[in-house]
K.L.:
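One structure, as structure tokens, below. Some questions next.
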Amino acid sequence: MPDKQFVVIRPVRNVLGSLRVPGDKSISHRYAMLAALASGRSRFENFSPGADCNSSLECVRALGCHIERDEQDAVIVDGLGPELQAPSSPLDCGNSGSTMRMLSGILAGQPFTSELIGDESLSRRPMRRIIEPLSLMGAQIEAASGDCAPLRIMGGKLRAIEYRVPVASAQVKTSVLFAGLLAEGETTVEEPTRTRDHGELALRAFGAIVDRSRNRVTIQGGQALKPLEASIPGDISSAAFFLCAAAVFPDSNLVIDGVLLNPTRSALLDVLTAMGSRISVLRVEEQHGELVGTISLLFGKGKNVVIAGAQTALLIDELPVLAAVAPYTAGGLEVRDASELRVMESDRLSAVTRNLEAMGAQIQQTADGWRIPGGQRLHGAEIESFGDHRIAMAFAIAALRAQGETLIRNSECVAISYPSFFEDLERVAER
Ligand code: S3P
């Protein structure tokens, strides 16, 4: 078992074996929230075990829905239909930006006032991006300090809007679509570049009609949702850590089963292929609109890769681990247009630079990305996770090929998305 405060990672000889990863975080959040608005009992197998999705479940419980786990550890949610119950205390979103931003869309359409709070990191993250469209729809929202949480949402009848999201954000798109479901009329959201489409697919899985054409999504308000029984695919952003590890060991052979392959989430496979990995995708099937399958990865040598523009938005959660292994690749990596990384659970742009430098890497940080040459050797170091789950996991992976041991501070934060990460890492690490 990892220590509560830090973990020490020793280098490995190879990454080998097969693995399943926990249920997808983005889908788990959306299913939990939409289950609340459906009339009747929903049941989800392989629901994300992370603290973030638990925050969503606890908020849904505080809004009056009965929630339990059955003998198979599936999550059961008894939905109340479009009108939820006023919570008796502030809704605690913990570390979860997804909970706060997407739930706000639902709360905007409720006939009561609710307050949303979060931890220190979440209370620093920008909320103007949801306050603006939800206010245009008729909700009254107050942010305690500037644009940040705590938020006070005085919900009520909403009017449909046509909204162009200024930053590429699936959370914002989904928040407006959830509000659009509860509004009168037809709401359209247009995004600057395509982002993950789980909001649209989940709404359809619960029986709503959602139209999409290019970057525009439209929903008619007032549609009733039906409960859903589903098994949630493995989280490809969690699988990303092991795939990136396997990508930098010459004898690696890794298979990940039952993993999400939604094209708006699987750009990582294209990047790893460009970096040289030989990837096969097997046994693909569709589950409630989401593609699921098996990924197999063998090492291969590639060239320099540049991630920019629309591709950056699709890879936003995978950039820290891609950067963390980039020094070991043959061609290195350049990332552009990633200033969003600065306003995530930590300033991920600086966190990656600081930690790669601590390991002796050459890295150039730009205003919105990094330039990281390939062919480097790194040494073990003390890594600061900044309490950010993806930084802790990214550097546990970088540590596998470093010389000497690496200590990851505040490693317990991996529980935000992947509580069994270190145990799973040991299963595929060959020493
Ligand atoms: C998420 C969207 C992304 C991502 C986050 C989860 C989602 O954020 O970083 O981890 O589930 O919609 P943005 O909405 O800022 O793109």
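Only heavy atoms go into these numbers, but all of them, side chains included; no hydrogens, no water, no symmetry mates. For ligands, and for the atoms within them, numbers begin at 1 and follow the listed sequence. Numbers for residues simply follow the sequence, beginning at 1. What you see is a predicted model, and the numbers here were worked out from it, not measured in a lab.
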K.L.:
Quick one: does Ile316 get within less than 4.0 Å of ligand 1, heavy atoms only?
P.N.:
yes
K.L.:
Please indicate whether any nitrogen or oxygen in Ser26 is less than 3.5 Å from any nitrogen or oxygen in ligand 1.
P.N.:
yes
K.L.:
Name the option, out of Arg30, His198, Lys173, that contains the heavy atom nearest to atom 12 (O) of ligand 1.
P.N.:
Arg30
K.L.:
Using the six-membered ring wherever Trp is involved, compare the ring planes of Phe421 and Phe242 and label them parallel, tilted or perpendicular (cut-offs 30° and 60°).
P.N.:
parallel
K.L.:
Counting neighbours of CD1 on Ile209 that are heavy atoms of other residues, nucleotides or ligands and sit closer than 6.0 Å, is the number greater than 12?
P.N.:
no
K.L.:
To which protein heavy atom is atom 13 (P) of ligand 1 closest, and what is the distance rounded to 0.1 Å?
P.N.:
Ser169 OG, 3.5 Å
K.L.:
Glu191 and Asn215: side-chain donor and acceptor closer than 3.5 Å?
P.N.:
no
K.L.:
Please work out, at 4.0 Å between heavy atoms, whether the side chain, the backbone, both, or neither of His29 comes within that distance of ligand 1.
P.N.:
neither
K.L.:
Pairs of nitrogen or oxygen atoms closer than 3.5 Å, one from Ala170 and one from ligand 1: do any exist?
P.N.:
yes
K.L.:
Quick check on Thr174 - does any of its heavy atoms sit under 4.0 Å from an atom of ligand 1?
P.N.:
no
K.L.:
Find out whether Val325 and Ile397 are in side-chain contact, i.e. whether some heavy atom of one side chain is under 4.5 Å from a heavy atom of the other.
P.N.:
yes
K.L.:
For ligand 1, is there an atom lying under 4.0 Å from some heavy atom of Met102?
P.N.:
no
K.L.:
Is it true that Arg265 and Asp24 have a side-chain N and a carboxylate O under 4.0 angstrom from each other?
P.N.:
yes
K.L.:
Taking both backbone and side-chain atoms of Arg390, is any N or O found less than 3.5 Å from an N or O belonging to ligand 1?
P.N.:
no
K.L.:
Excluding sequence neighbours, so at least two apart, what forms side-chain contact (heavy atoms from CB on, under 4.5 Å) with Glu340?
P.N.:
Arg129, Val167, Ile316, Val343
K.L.:
Under 4.0 Å from a heavy atom of Met344: give me the atoms of ligand 1 that qualify, with their elements.
P.N.:
9 (O)
